[in-house]
Asker: 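This is the structure I have questions about; it appears just below.
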Amino acid sequence: MSQVTVTLPDGSSRAVPAGTSIADVAAGISPRLAKAALAASVDDRLVDLSYPLERDARVRIVTAESPEALPLFRHSTAHLLAAAVTTLFPGVQCGIGPATDEGFFYDFVVPRPFVPEDLDAIEKKMKELAAQNLPYERQMWPRAEAEAFFAERGEPLKVQLIEEKTAGQPVVSCYTIKDRETFVDFCTGPHVPSTGKLKAFKLLTTSNAYWKGDAHNQPMQRIYGTAFVSEAELKDHLTRLEEAKKRDHRKLGRELGLFTVHPWAPGAAFWLAKGTTLYNTLANYMRDVLFPAGYVELKTPLVFNKALWETSGHWQHYRQNMFLIESEGEQMSMKPMNCPGHFLVFASEVRSYRDLPIRFHEQTPLHRNEASGVLTGLTRVRQFSQDDAHCFVTQDQIGEEVERLLRLVQRVYNDFGLPFTAKLGTRPATDFLGEKATWDHAEAQLLQALERAGMPYARNEGDGAFYGPKIDFDITDAIGRKWQCATIQLDYQMPERFDLKYVGADNTEHRPVVIHRAILGSFERFIAILIEHYAGAFPLWLAPVQATVLPIADRHLDYAGAVREQLAAAGLRAELDGRQEKIGYKIRQAQLQKVPYMLVVGDREVEERQVAVRSRSGGDLGSRPLDAFIAQAHDEIARKAQ
RNA sequence: GCCGGCGUAGCUCAGUUGGCAGAGCAGCUGAUUCGUAAUCAGCAGGUCCUCGGUUCAAGUCCGAGCGCCGGCUCCA
């Protein structure tokens, strides 16, 4: 029998008979590894333990500690789910069941939608199947036999998948759990060796989905679940979901009096007094950041003639998302974005190369007629404002301008204490506009800017917009969720469409490049993220109410009122709780409203002209003169996230 | 827009086989003047989402619409 050479990660190698399985290789290394082995990476391809080694290969055994373990567990659990569903609901058709970032799902064609009781029963069945420690087995079936098998079972979707995925292959890979009767699925694998490995999973929810994600296709019922390598990790994850629910900005937004909504204005927020304060604080913060950075602020019209949208191309491509208005026989539309308005302003006078870069910033409201089903709290709305800006630059200024933008992004997210990562999106493989040389030039400048700003980044090949490359930023909130907010996009197309030009040093007309950019994204969405990030306990500089004065008894009201006035005069947002309630009650209310500082005033404070400071997070901090508190507060506000 | 679930007081939620609309918190009034997370008592508060239907009788059953929630899709 011929031998093959297996090279292990530590560089050592060993010879085994051809056809030896990974499981046997692991067993040959150590009994402990044999027990821990789940799958293997063979020449960087992930395979089952049963995989027979037919030629020399680099082999790395995948255990629960390997990075590949999590998706392996999740996908295997998806199969376990499908096995449970096919057992409990004979006749269902299975779709696909991939691992996702958060868990897994599996799509089924069923006569009726799943209800929560079904999920309980399915999960119970999964646990049973896991307890029986049934083997996953890979079987290579002749393609025609596999197609005939699934066709006969009434699974045309599987037949379709086999036809699409395995064209020209003589055999196809199918997996069973225990045997064909228990469960069989067309799948490339790999899986854990047996169901007993799966100990930490939970079904979460059901939803509608469509075959291949296309609403024209067969409707299916999707079951979502999550799975982890260990039960502790699962528990952590479920705790995190609970935490996310507690932080939900829709709940906190109401409890903290930030915003409300009404059925007569779906997808639009009513900003209440405190929410408006927060909104304006953010808006003015961006102004404070952008003015010194060379931006000017504009206010352009909210409603435009359709001629503008025909010029920009939105009429052709975006009309179904625009709110249309008719006036005196003219077709108008609410603006869904500021860009075209800024182009008109740019074109409204002769521009010199000496004027560039020109940076227009605008915060006026935008309207997008989003489908009713996608509206969610503040994260997806129909009316919103952006910290939007367009920088008009020469070809040669791209790199420097982008570098400035990167530093701006860095500075802003630091002020919020939000970690972030950058992603460079390069030229799409097809359907891009413009010359390759132009793209190469632009991408090179973006890269240089990233290097010079010392900003780590990932490269997303082909992820650029069709009109130019871009850099997107993901922020990570306090409970580990990622949100895309900032974006920097180069645009060579709109300057053409709007015939934008500047006069160069050579006294001829040139085409500027436009950089579209936003840092917060939309104020609405960013506020939602901040609410959830801080769990409603905003840092002092953002808190709608920064301090509340709490008199102990009515005889302290005059002094308390004077304290509040001095706080207000010092530019602090302060309230006075003059109700006839006990101090414990007022403190409780202020804590629930997450007010950063409570200033208690009673006989002692009136006597000594002081305030007793209580912080939201640190409790009673003791008494001090009001001036001392004001100075500390100003310092804390200036430090922002510290 | 599509699939499913939900819609009862300002908020959170009960409401049985169809038979007079309920609680806690919040609010109002009164008492209490109190030292670091809820003082006591009383009162008031309803188009049971809307429209239509079944029924002697509808919060409850049926239909349509609207909104919200979870997804799909899309997206900042």
Side-chain angles (χ1 to χ4, degrees), chain A residues 105 107 110 112-116 118 204-224 245 248 250-251 254-255 257 260-267 318 320-321 336-338 366 368-388 472-473 483-487 489 516-526 528-529 550-557 578-595 598-606 612-616 618-623:
Chain A
F105 65 81
D107 291 341
V110 279
R112 65 161 176 88
F114 294 114
V115 295
D118 293 334
L204 296 173
T205 180
T206 61
S207 82
N208 170 256
Y210 298 93
W211 177 239
K212 297 186 170 181
D214 186 335
H216 301 295
N217 288 345
Q218 169 86 54
M220 306 184 78
Q221 286 295 311
R222 175 169 296 181
I223 296 181
Y224 280 93
K245 212 182 267 181
D248 191 317
R250 293 165 296 193
K251 175 172 171 282
R254 188 181 48 247
E255 289 172 1
T260 187
V261 291
H262 193 278
W264 288 352
Y318 203 72
Q320 70 286 358
N321 274 324
M337 46 200 43
N338 292 308
L366 306 175
R368 298 184 186 176
N369 196 3
E370 305 285 1
S372 57
V374 306
L375 301 176
T376 307
L378 294 178
T379 54
R380 196 70 193 283
V381 288
R382 286 181 174 156
Q383 180 193 315
F384 61 99
S385 299
Q386 295 182 307
D387 62 323
D388 198 9
D472 286 334
F473 300 82
W483 305 84
Q484 199 216 301
C485 291
T487 182
Q489 301 184 6
H516 305 250
R517 42 109 295 176
I519 300 177
L520 306 185
S522 89
F523 285 103
E524 280 74 4
R525 185 161 173 273
F526 195 73
I529 294 167
L550 308 180
I552 299 239
D554 284 354
R555 63 180 176 281
H556 310 122
L557 270 172
R579 292 177 295 179
Q580 291 184 12
E581 296 288 351
K582 299 211 287 195
I583 196 67
Y585 177 85
K586 295 183 190 180
I587 285 170
R588 178 177 159 80
Q589 296 302 311
Q591 287 284 155
L592 292 174
Q593 285 294 303
K594 302 179 195 284
V595 177
M598 288 147 265
L599 304 182
V600 178
V601 292
D603 289 338
R604 290 199 295 276
E605 288 72 26
V606 172
V613 180
R614 180 191 162 93
S615 100
R616 173 179 65 195
D620 192 349
L621 302 181
S623 291

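The model shown is predicted, which means the values in this text are computed figures rather than measured ones. Residue numbers start from 1 in every chain, and the chains themselves are labelled A, B, ... in the order their sequence lines are given, proteins ahead of strands.
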Asker: For Gly602(A), report the nucleic acid contact type (base, sugar-phosphate, nothing); a contact means any heavy atom under 4.0 Å.
Answerer: base
Asker: For Val381(A), report the nucleic acid contact type (base, sugar-phosphate, nothing); a contact means any heavy atom under 4.0 Å.
Answerer: base
Asker: Indicate, with a heavy-atom threshold strictly under 4.0 Å, whether Ile552(A) touches base, sugar-phosphate, or nothing.
Answerer: base
Asker: Specify the separation, in whole Å, of atom CG of Asp554(A) and atom P of G30(B).
Answerer: 13 Å
Asker: In whole Å, measure the gap between the C1' atoms of C72(B) and A14(B) for me.
Answerer: 34 Å
Asker: May I have the distance from Arg579(A) (atom CZ) to C28(B) (atom C1'), rounded to whole angstrom?
Answerer: 14 Å
Asker: Which residue, Arg616(A) or Met220(A), contacts RNA chain B at a nucleotide closer to its 5' end, judged by nearest heavy atom?
Answerer: Met220(A)
Asker: State the CZ-CE distance between Arg588(A) and Met598(A), to the nearest 0.5 angstrom.
Answerer: 13.0 Å
Asker: If I compare all heavy atoms of Ala528(A) with all of Leu378(A), which pair ends up nearest, and what's the gap?
Answerer: CB-CB, 3.9 Å
Asker: For Leu375(A) and C72(B), give me the distance from atom CG to atom P, rounded to whole Å.
Answerer: 15 Å
Asker: Can you check the distance between G59(B) and A76(B), where both ends of the measurement are the C1' atom (answer in whole Å)?
Answerer: 41 Å
Asker: Find the partner of C61(B): check Watson-Crick (N1-N3 plus N6-O4 or O6-N4) and G-U wobble (N1-O2, O6-N3) distances, both under 3.5 Å, and reply none if neither fits.
Answerer: G53(B)
Asker: To the nearest 0.5 angstrom, please state how far the OH atom of Tyr224(A) sits from the CG atom of Asp107(A).
Answerer: 7.5 Å
Asker: Please round to the nearest 0.5 Å and tell me the distance separating atom CD1 of Ile529(A) and atom CG of Leu520(A).
Answerer: 9.5 Å
Asker: Could you measure between the two C1' atoms, the one in C74(B) and the one in G1(B), and give it in whole Å?
Answerer: 11 Å
Asker: Under 4.0 Å between a side-chain N or O of Tyr585(A) and OP1 or OP2 of C34(B)?
Answerer: no
Asker: Would you check if the side chain of Gln591(A) reaches a backbone N or O of Arg616(A) as a donor-acceptor pair within less than 3.5 Å?
Answerer: yes
Asker: Rounding to an integer number of angstrom, what distance separates A23(B) and A9(B) when you compare their C1' atoms?
Answerer: 11 Å
Asker: Write down the distance separating the P atoms in A57(B) and G52(B), rounded off to the nearest Å.
Answerer: 16 Å
Asker: Are Asn321(A) and Asn369(A) linked by a side-chain donor-acceptor pair shorter than 3.5 Å?
Answerer: no
Asker: Considering only atom C1', compute the distance from G46(B) to C13(B) and round it to an integer number of Å.
Answerer: 15 Å
Asker: Please report the distance, rounded to the nearest Å, between CE in Met337(A) and C1' in A76(B).
Answerer: 9 Å
Asker: Which part of the nucleic acid, if any, lies within contact of Gly377(A), taking any heavy atom under 4.0 Å across all strands shown: a base, the sugar-phosphate backbone alone, or nothing?
Answerer: sugar-phosphate
Asker: What is the distance from CZ of Arg380(A) to P of C68(B), rounded to the nearest Å?
Answerer: 14 Å
Asker: How far apart are the closest heavy atoms of Arg250(A) and Thr376(A), and which atoms are they?
Answerer: NH1-CG2, 3.6 Å
Asker: In whole angstrom, what separates Arg525(A)'s CZ from A76(B)'s P?
Answerer: 9 Å
Asker: Rounded off to whole Å, could you give me the OH-to-C1' distance for the Tyr224(A) and C3(B) pair?
Answerer: 12 Å
Asker: Which whole number of Å gives the distance between the P atom of C11(B) and that of G63(B)?
Answerer: 28 Å
Asker: Shorter than 3.5 Å, N or O on both sides, protein versus nucleotides 8-14 of chain B: list them out with atom names.
Answerer:
{"residue": "C11(B)", "atom": "O3'", "partner": "Arg254(A)", "partner atom": "NE", "Å": "3.4"}
{"residue": "U12(B)", "atom": "OP1", "partner": "Arg254(A)", "partner atom": "NH2", "Å": "2.9"}

Asker: Check side-chain hydrogen bond (donor to acceptor under 3.5 Å, both in side chains) between Gln589(A) and all other residues, then give those that pass, not counting sequence neighbours.
Answerer: none
Asker: So for Glu370(A) and A76(B), does any side-chain atom that can act as donor or acceptor lie under 3.5 Å from a complementary atom in the base?
Answerer: yes
Asker: How many Å lie between CG on Leu204(A) and P on G5(B), as a whole number?
Answerer: 19 Å
Asker: Quick check on C69(B): is either OP1 or OP2 less than 4.0 Å from any side-chain nitrogen or oxygen of Arg250(A)?
Answerer: yes
Asker: Using atom C1' of each nucleotide, how far apart are G4(B) and A41(B) to the nearest Å?
Answerer: 48 Å
Asker: Which atoms form the tightest heavy-atom contact between Glu605(A) and Ala612(A), and what is the distance?
Answerer: OE2-CB, 3.4 Å
